[in-house]
Colleague: 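Sending over a structure as structure tokens; questions will come in a sec.
Letters go in sequence order (proteins before strands), and every chain restarts at 1.
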Protein chains: 2
Amino acid sequence: MEEPSRIDGPGLRADARRNRGRILVAARAVFAERGIDAPMATVARRAGVGVATLYRRFPTRQSLVRAAFAQQMETCARVLTEALADPDPWRGFQRLFETVCELQREEQGFPAAFVAAFPDSAAEHAQAREGTERDLMTLVRRAQAVGALRADFHPSDLVVALLSHCGLVTALPHDNAASRRLVAYLLQSFRAEAARGALPPPSALSLRDLPLAAGDSQRQRPPRA
Amino acid sequence: MEEPSRIDGPGLRADARRNRGRILVAARAVFAERGIDAPMATVARRAGVGVATLYRRFPTRQSLVRAAFAQQMETCARVLTEALADPDPWRGFQRLFETVCELQREEQGFPAAFVAAFPDSAAEHAQAREGTERDLMTLVRRAQAVGALRADFHPSDLVVALLSHCGLVTALPHDNAASRRLVAYLLQSFRAEAARGALPPPSALSLRDLPLAAGDSQRQRPPRA
DNA sequence: TCACAAGTGGACGACACCGTCCACTTGACC
DNA sequence: GGTCAAGTGGACGGTGTCGTCCACTTGTGA
């Protein structure tokens with residue numbers, strides 16, 4: 001009410017803003033090297049900052065993760081807009097998928113952030129997600145209308161594809177060839193000509209389940225070496 | 001030398017063997033619910049056993065994981081044998097992929113075990129893996145010779161596909177529809193008729209990187225809610 | 001230049017998990 | 001039934017992370 005969350009945004013003292021920036025850089029680096037649940041203290045040390053400063057700026061690990069990858073999230077949203085603007089809807093669709101996968105591949109830690117849970121941002125970003133979802137639906141319909149995207153493609157299939165790719169790059173963080181190969185296979189199977197026989201029914205997933213535009217998701221936990 | 005590892009196998013006292021069994025059941029349950037790095041003490045408690053007993057039987061978490069999912073690993077190996085025996089190599093290939101994915105889908109925690117690292121079993125299971133690898137190669141060649149599997153399919157693509165599916169079911173543990181959908185898409189894109197345009201070069205992966213037959217792999221870490 | 005609110009660092013208590021140790025129990029074999 | 005090695009449970013010390021608290025520093029606006 002009174003404090004409109006000056007925890008982030010501007011309105012910070014100059015040195016504080018500088019530190020905030022350093023923390024985000026350090027967070028991306030540390031998350032890339034040691035995974036998304038690296039100790040907070042490690043991030044602080046790398047940023048040349050005390051733990052207290054880190055916690056003051058980002059009270060939860062989640063808020064740090066979200067802020068650290070906000071730029072990637074925005075890129076995803078922008079790419080969707082560009083895809084919609086493309087006169088060739090299939091090319092738009094293809095670029096959308098390829099670009100998001102490229103982001104997942106390049107920014108270590110982003111994939112993990114991508115599937116990690118952000119249950120509290122649900123209300124907050126509801127409209128953003130709905131807009132994104134509508135846009136995606138439009139893109140899919142157009143690409144189908146042109147006869148490029150198979151008719152039985154369901155918007156949730158994009159979520160499925162992105163999450164799988166995400167899992168792959170998490171398992172093999174440095175194997176770009178594997179990632180590219182999967183992307184190519186999936187794109188080919190999304191083409192209308194590839195349709196042979198019926199597919200099993202689509203998942204009930206929606207964008208709600210995937211933070212394409214700083215949204216959020218569900219989930220449990222994976223392994224460890 | 002002197003003690004030929006009676007830690008597992010028979011030769012255990014009756015009560016000890018009973019406990020061992022209980023531990024494995026408990027481990028599968030706990031891994032399914034809380035992920036593969038749930039506290040050892042939780043597994044012990046669930047098995048109605050002290051921690052010491054657990055550690056005596058399975059000195060490392062890895063050995064516990066491996067033992068807990070040994071059955072699933074064996075099933076994978078058996079399915080490969082069956083696939084080779086199938087007069088229709090494509091049907092064999094298809095069943096192999098579908099069955100392994102089904103295992104990943106059904107046994108929570110198995111996918112995580114599947115991608116988790118088992119660096120020390122490398123030497124130990126070297127022959128088993130090589131045999132598996134050769135079998136797989138044979139299966140692929142046969143399916144290609146028949147004109148069913150696309151000519152540019154590379155054995156490592158199976159690893160890629162399995163790891164992606166693994167990631168998907170880890171992210172969405174209860175969404176069978178999503179899993180089935182992905183499997184269907186991938187199988188269709190592996191068909192010879194689906195080939196349109198060149199694929200990017202295959203990954204350098206081999207079965208070495210995937211514990212199809214109780215083998216092992218590499219890796220780093222994923223997220224956490 | 002000064003005063004003070006904003007910002008800072010690191011020590012600290014709480015907590016969770018690990019893996020070992022040891023005194024006690026129990027199954028197997030005579 | 002008696003002996004004893006095999007087996008057992010739980011307490012315990014060690015380690016690593018969390019998140020807070022508070023005395024100190026520093027930027028800002030007058």
Colleague: Excluding sequence neighbours, so at least two apart, what forms side-chain hydrogen bond (donor to acceptor under 3.5 Å, both in side chains) with B:Arg13?
Modeller: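 side-chain hydrogen bond (donor to acceptor under 3.5 Å, both in side chains) check on B:Arg13 returns B:Asp15.
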Colleague: So, using side-chain hydrogen bond (donor to acceptor under 3.5 Å, both in side chains) as the criterion, who are the partners of B:Arg46 when residues are at least two apart?
Modeller: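 Testing B:Arg46 for side-chain hydrogen bond (donor to acceptor under 3.5 Å, both in side chains), a comparison that skips the adjacent residues, returns B:Glu33.
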Colleague: Taking salt bridge (Lys or Arg N to Asp or Glu O under 4.0 Å) as the definition, give me every residue that meets it alongside A:Arg95, ordered by chain and number, with sequence neighbours left out.
Modeller: A:Asp86
Colleague: Which residues satisfy the side-chain hydrogen bond (donor to acceptor under 3.5 Å, both in side chains) test with A:Ser203, sequence neighbours excluded?
Modeller: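 So A:Ser203 forms a side-chain hydrogen bond (donor to acceptor under 3.5 Å, both in side chains) with B:Asp175.
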Colleague: Is any side-chain N or O of B:Arg61 closer than 4.0 Å to OP1 or OP2 of C:dC18?
Modeller: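 Answer yes for this pair, as a side-chain N or O of B:Arg61 is under 4.0 Å from OP1 or OP2.
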Colleague: Are the side chains of A:Asn19 and A:Leu12 in touch, meaning some heavy atoms are under 4.5 Å apart?
Modeller: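 No, their side chains stay 4.5 Å or more apart.
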Colleague: Show me the protein contacts with nucleotides 8-11 of chain C, counting only N or O atoms at under 3.5 Å.
Modeller:
unit_1, atom_1, unit_2, atom_2, d
C:dT8, OP1, A:Asn19, ND2, 2.3
C:dT8, OP2, A:Arg57, NH2, 3.0
C:dG9, OP2, A:Gly50, N, 2.8
C:dG9, OP2, A:Thr53, OG1, 2.6

Colleague: Test of understanding: with side chain to side chain contact (heavy atoms under 4.5 Å, CB included), list the residues that count as partners of A:Thr42, not counting sequence neighbours.
Modeller: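 Partners of A:Thr42 by the side chain to side chain contact (heavy atoms under 4.5 Å, CB included) criterion, ordered by chain and then number, come out as A:Val30, A:Arg34, A:Pro39, A:Arg45.
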Colleague: Just how far, in rounded Å, is P of C:dC17 from CZ of B:Arg34?
Modeller: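 Rounded to the whole Å, the gap is 7 Å.
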Colleague: Could you state the atom-to-atom distance from CZ of A:Arg18 to P of D:dT26 in whole Å?
Modeller: 12 Å
Colleague: What is the distance, rounded to the nearest whole Å, between atom CZ of A:Phe58 and atom P of D:dC18?
Modeller: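 Answer to the nearest Å: 16 Å.
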Colleague: Which residue lies toward the 5' end of DNA chain C, B:Thr42 or B:Ala14, if each is placed at its nearest nucleotide?
Modeller: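 Final value for this comparison: B:Thr42.
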Colleague: Could you state the atom-to-atom distance from CG of B:Leu54 to P of C:dC21 in whole Å?
Modeller: 17 Å
Colleague: A:Asp37 has an atom CG; how far is it from atom C1' of D:dG16, in whole Å?
Modeller: 14 Å
Colleague: Report the nucleotide, chosen from C:dG7, C:dC17, D:dT17, that has the shortest atom-to-atom distance to any side-chain atom of A:Leu12.
Modeller: C:dG7
